[in-house]
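These numbers come from the heavy atoms of this one structure, side chains and all, not from hydrogens, waters or symmetry mates. Everything numeric in this text was worked out from a predicted model, so none of it was measured.
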Amino acid sequence: MDSVRWSNIKSCQTNCDPKQFWKAIQIWVEKPHVVNRRLAAAVSVGTVFRTSSTVNSAFKELLKNNDTFKDCNKVQEFVNTQLCLDEVNAKEQTNSKVEIELEDLSLLKVSVRKLIPKGIINPNEGTRTNETADRDSTIEIVLLDYTLQSATFVPFHSLEFARCSYRFSLDESLTSLTLSLPADYLEPASSSAAVTRPTSAWLSDTLLPKLAKWACDVDPDTPLSTSHALISVERYSSLYVELKQKYGPKFVKIWPENTDPQKFVYEDVAIATYILLLWEQEREEEKSERKQSFVDLGCGNGFLVHILNSEGHPGKGIDLRSRGIWSLYGPGTNLEECSIIPSDKYLFPDTDWLIGNHSDELTPWIPVMASRSSLHTNYFVLPCCFHDFAGKFVRSNSNQTQYRSYLDFIQEVGEVCGYEVQEDTMRIPSTKRICQVGKRRTKPSPEEHSILDETIQSFISSRCPSKLLNKPITNFSHNSLSSKMMSSKPSVGDPADGVQMGRESSHTSKSNVPRTQTDESTSISSQSQSDICQEQWAKDFQPRSKVEAVRNCSRLSVNFKERIVNDIAFALLRLGGVQTNVEVDEERSAENKVKGQKLWRRGGKMTMQEVVALFDSGMMKQLKNECGGLKTMLKNANQVFEVSGDLVQLRDWSAMSGGTESATKKRKGHKGRTDSKPIKTRQCWFYTHHPDGCPRLTSDCSFAHGVDDVQVPPPMPNKNR
C-alpha cells in the first residue's frame, strides 16, 4: 500500500478528540449495516498488531496468487496465513473500549472482517445458495494507524485491491475529518458490486458525514450494542432469505387477521430463523441429528409454530383462543386452544424448548415452567408487555427504563430457576427486540434441583400480592418423574400413540405433538377449573379472558363522544391563539372584507391535566374503562385535535398542502388508491362546528362540507378471486 498515491477528496468539519474518532471508526468496522442497508453484517475474522512492512509483504504475496480472488474463503485462508491470525485469539484481542495507548505506536492494528450482503434471490431457484453467498461476500482488511490518526479500508475483490481502497483521517487540529482515495480509484462496475465496494460518491456524501456525526456525538467509553451475537450472522442472512421466500408471499396474500401481514409475517420469519439457528448450533455442540421438540406458549396467530413444524421440529403452540388463520395451516401444524394457568398440570417433561414470543402474562412463568418440567428443558423468550407473576410489573429502579427493568427481572427469574441466561438483540420490526435464552443449567443435578425448587417458590412468593399456597409441588417430584428427569435425554413416547417425543425421533408424524406430563389433562374442558386453581403456583395469577375486550373508545355512544370533542374544542378556541388568513369558497367570500380570504382562529393549547379538569368525575370514570382513556379518544379524533406529548390543540389544516389527509392512515396491508383525491365519507367537523368554518376549500378538504358533499366508497376488491 506504500505505492498508492492518495488524494484528499472531501473534508467534514468536526470537533472531537482521538478517542471519539476511533469510536466512530469502530462503529463502521463492526456495524457497517447501520449505514449501508444493503449489507447484512460484518463478521470479524481476527485482529492483530503488525508492522507496516509485514502488512505490505502480505499484500505483495497476495498479488502473486490471482486464483485466490475467485473464492472468498480462499482469500480468508490466505490472509489468515500471511498475518498469522490463526495464532491469535481475536476475541481476546478485541476490546469493547477504543485502544489508544499502545506500547508501540509504530505497529498497525490490523482488523480483518468479512462483509456479508443481504440475501440475493437466485431467479432460477428462488433461493440463495451457499456458493452464491460466498461469492458475494468480501474479505476486507482495515489498517488502523494510531500515529497518523488514519483508518484505511482495503476490500479484496481482485488484483486491483489497492485501487479500491479508501481512507479516513483526523487532522492534527482535531477539527476536520477527511476522506482520501487513490488517484486512480476504481469505481465498482455494477450496483451489486457497490454493496461491498462503495462508490466514491457514496463514501463522500453518505459515509463521511455519518462518521463526522458519530465522532461528535458518541461516548467513547460506551460499549457497542450488538445484534445476533448468539448465532452465525452469515448463516442467518442466507437462511432468512430462504424462509422469507418459502413462507412470506403466500401468507401475506391470504392473511385473514386484522393485523398488518407485512409486519407480522416477516417478523415471525425472522424469529423462526433465529430459533432454528440456535437449535442448529445446539445439535452441532451435542453432535446430534435429532431435531428439538418445542411448545410455544401463547402462540397467537401460530405462524411461528407453522414454520417450525414445517422445518421438521416436533412441537405445538398453545393459546387461549384460536385465530382465523389456524385453519389455513393444514394438519402438519399443531395448535391447541387452551388457557394455561401456571401449575402442576402444565409441565412439559418431554419437551426440549419452551418458547414465549410476546407471551404477555406467561412471560415470567416460562423459565419457571421450563425448570420444573425437566433438567433438559431450555427456553426462549421475547419479552414485550410488562407482567409480573401476578399482575402488572412495577420497576424498582427509577434510573432505568421500564423496558430495561423488565428485561433484568426476566433474566433474574431465569437465573433463580437455575439457568445461565444469555441476552441478544434481534433484527425484527419491533421496538421490543431483545430476547433471552436460558440454555445451560447452573444446577444440573436432581439433588440440587430439589433445593432449587424451594428457592423458586420463595422467589415467586416474594413478588405476589397474596400468599402462595403452602402445599408442596407434589406433581413435580423426582420420585414420580425420576425415569424421565434423571435422564440426560427425553424419553420416547409410546409408538402406538403415533407421537414423537423429545429428540428421540428422526422424523415427524401427522401429530408431532410433544407429550406433556398428563396429556389427558392439558385441556381446560377435561378438568374442572377449581381443581387447577387449587394446584396453581400463584393464586393471584389471572389468565386473560378468552373473549378479547374492545377498549378503544369505539363502544362509547356517539353523543357522549361528540360532547367531549365539542367541549374541548370550544375551550381551546376561548384561549385565543393564532389567527391565520385562509382562502374561502366563492359563495362565502361576500361575507368577508377581503374577497376570497378570511381570518381563521386556531385557538390555544391545553395540557392533559387542564383538559381533564373540564369534565366531572362521572365522565372521566366512563372514559377510564377504555384503553388509554381520554388521550386515546383525542388521538382517535385526529381530524379535530393534534396531540403532542402532554399538549392538546386544534389541528391546523391550513398548514397542510394539497388534498392529502395526513392525519388519517391507510388501512394496513392494503394498497393505496391510485388517484390523489380522498373519498369523503365523513362530515368535516370544522365546517359544521368551528365559528370560522373550515380553513380549507371544499375541493381541498378531505372531509365533506355538508350532507350533499358526502360520497359513497367503492366496494373493496375480493382478494380470493
Looking only at non-hydrogen atoms, find the nearest pair between [X] and [Y] and report the distance.
| X | Y | value |
| --- | --- | --- |
| V381 | T363 | CG1-O, 4.4 Å |
| Y247 | S310 | OH-CB, 3.1 Å |
| T431 | Y403 | O-CE2, 4.2 Å |
| D296 | I355 | OD1-O, 3.3 Å |
| H33 | A41 | ND1-CA, 3.8 Å |

Any donor-acceptor pair under 3.5 Å from [X] side chain to [Y] backbone:
| X | Y | answer |
| --- | --- | --- |
| S373 | M369 | yes |
| N301 | I325 | no |
| K439 | N378 | no |
| Q281 | S232 | yes |
| Q436 | L407 | yes |
| R427 | A270 | no |
| S237 | V233 | no |
| S293 | D352 | yes |
| N36 | V195 | yes |

Test item: [X] and [Y] side chains (from C-beta on) under 4.5 Å apart, heavy atoms:
| X | Y | answer |
| --- | --- | --- |
| W537 | D344 | yes |
| R283 | Q292 | yes |
| F393 | S405 | yes |
| L239 | E242 | yes |
| L382 | K432 | no |
| L328 | P256 | yes |
| V265 | F303 | yes |
| D319 | L335 | no |

Notebook entry, point to check: Parallel, tilted or perpendicular: which fits the ring planes of F251 and Y329, with parallel below 30° and perpendicular above 60°?
Noted result: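 Aromatic pair F251/Y329 classed tilted.
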
Next item on the list: Measure up the F409 and Y406 rings against each other and bin them: parallel (under 30°), tilted (30 to 60°), perpendicular (over 60°).
Entry: tilted

Give, for atom [atom1] of [X] and atom [atom2] of [Y], the distance between the pair rounded to the nearest 0.5 Å.
| X | Y | atom1 | atom2 | answer |
| --- | --- | --- | --- | --- |
| K291 | W279 | NZ | CH2 | 10.5 Å |
| L452 | Q457 | CG | CD | 11.5 Å |
| Y240 | L277 | OH | CG | 13.0 Å |
| H387 | W365 | NE2 | CH2 | 13.5 Å |
| T377 | I366 | OG1 | CD1 | 12.5 Å |
| I434 | I428 | CD1 | CD1 | 10.0 Å |

Checklist line | Ring center gap for F294 and F380 short of 6.0 angstrom | finding: no

[Y] and [X] side chains, donor-acceptor separation under 3.5 Å:
| X | Y | answer |
| --- | --- | --- |
| D424 | Y274 | yes |
| Q411 | E415 | yes |
| R38 | S191 | yes |
| K31 | S227 | no |

Note to self: The test is side-chain contact (heavy atoms from CB on, under 4.5 Å); show your working for W326 and C299 and say whether it passes.
What the structure shows: CA-CA 11 Å; W326 283 18; C299 64; 3.9 Å; yes

Margin query: For a side-chain contact (heavy atoms from CB on, under 4.5 Å) check, start with the C-alpha distance between V394 and D388, then their side-chain angles and the critical distance, and finish with the verdict.
Written below: CA-CA 8 Å; V394 180; D388 210 317; over 6 Å; no

Note to self: Applying side-chain contact (heavy atoms from CB on, under 4.5 Å) to V305 and N334, what does each step give before you reach the verdict?
What the structure shows: CA-CA 7 Å; V305 177; N334 304 294; 5.5 Å; no

Note to self: Would Y379 and C417 count as a side-chain contact (heavy atoms from CB on, under 4.5 Å) here? Give the steps.
What the structure shows: CA-CA 11 Å; Y379 71 87; C417 292; over 6 Å; no

Check: So among I456, V413, L354, which one has a side chain to side chain contact (heavy atoms under 4.5 Å, CB included) with P367?
Finding: V413

